[in-house]
Asker: 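Can you read through this structure? Questions will come right after.
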Amino acid sequence: MEDIASKGKGRLMAVVCERVLNHEGQERWVRLAYIRPASGIEWSTAVGNISLAP
C-alpha cells in the first residue's frame with residue numbers, strides 16, 4: 001500500500017476506528033490505516049490517504 005500524504009509504502013496491517021479529540025476538545029471517531037514498511041516501524045494515516053502501490 002502507499003500513503004498518498006507521505007509517499008511512504010508498506011504493508012497494510014490494520015484499519016481501525018479510533019476516538020480522537022479535535023483542537024476544541026470535541027470527540028469524534030476516525031478510520032485510521034496502519035502501514036508497516038520494511039523497516040518495521042508502523043505509522044497511521046487516514047483511510048482516504050491509502051492506495052495500492054504501483
Side-chain angles (χ1 to χ4, degrees):
M1 301 302 287
E2 180 177 14
D3 176 7
I4 297 167
S6 70
K7 305 291 187 226
K9 294 180 182 178
R11 178 177 289 202
L12 178 64
M13 301 307 293
V15 174
V16 298
C17 288
E18 289 188 15
R19 189 174 60 196
V20 297
L21 298 176
N22 67 11
H23 64 280
E24 297 174 346
Q26 296 171 329
E27 192 175 275
R28 67 185 181 110
W29 288 88
V30 296
R31 290 176 59 201
L32 295 175
Y34 284 85
I35 299 174
R36 181 184 297 166
S39 69
I41 301 173
E42 291 182 16
W43 74 88
S44 62
T45 189
V47 170
N49 285 345
I50 60 173
S51 69
L52 291 175

Asker: Flag yes if Ile41 and Met13 sit in one hydrophobic cluster, no otherwise; membership is Ile, Leu, Val, Met, Phe, Trp, Tyr, and two members link when side-chain heavy atoms are under 4.5 Å apart.
Answerer: no
Asker: Which ILVMFWY residues can you reach from Leu21 by hopping between side chains whose heavy atoms are under 4.5 Å apart?
Answerer: none
Asker: Just grab all the salt bridge (charged side-chain N to carboxylate O under 4.0 Å, His left out) pairs involving residues 6-16, residues at least two apart or on different chains.
Answerer: none
Asker: Which residue pairs pass the salt bridge (charged side-chain N to carboxylate O under 4.0 Å, His left out) test with at least one member in residues 15-26, sequence neighbours excluded?
Answerer: Arg19-Glu27
Asker: Taking ILVMFWY side chains as joined if any heavy atoms are under 4.5 angstrom apart, and letting links pass through other members, which residues group with Ile35?
Answerer: Met1, Leu12, Val15, Trp43, Val47, Ile50, Leu52
Asker: Which residue pairs pass the salt bridge (charged side-chain N to carboxylate O under 4.0 Å, His left out) test with at least one member in residues 45-54, sequence neighbours excluded?
Answerer: none
Asker: Please, which pairs that meet side-chain hydrogen bond (donor to acceptor under 3.5 Å, both in side chains) have at least one residue in residues 45-54, sequence neighbours excluded?
Answerer: Asp3-Thr45, Thr45-Asn49
Asker: Just to verify, what does Arg36 make a side-chain hydrogen bond (donor to acceptor under 3.5 Å, both in side chains) with, not counting sequence neighbours?
Answerer: Glu42
Asker: Can you pull the salt bridge (charged side-chain N to carboxylate O under 4.0 Å, His left out) pairs that have at least one residue in residues 43-54, sequence neighbours excluded?
Answerer: none
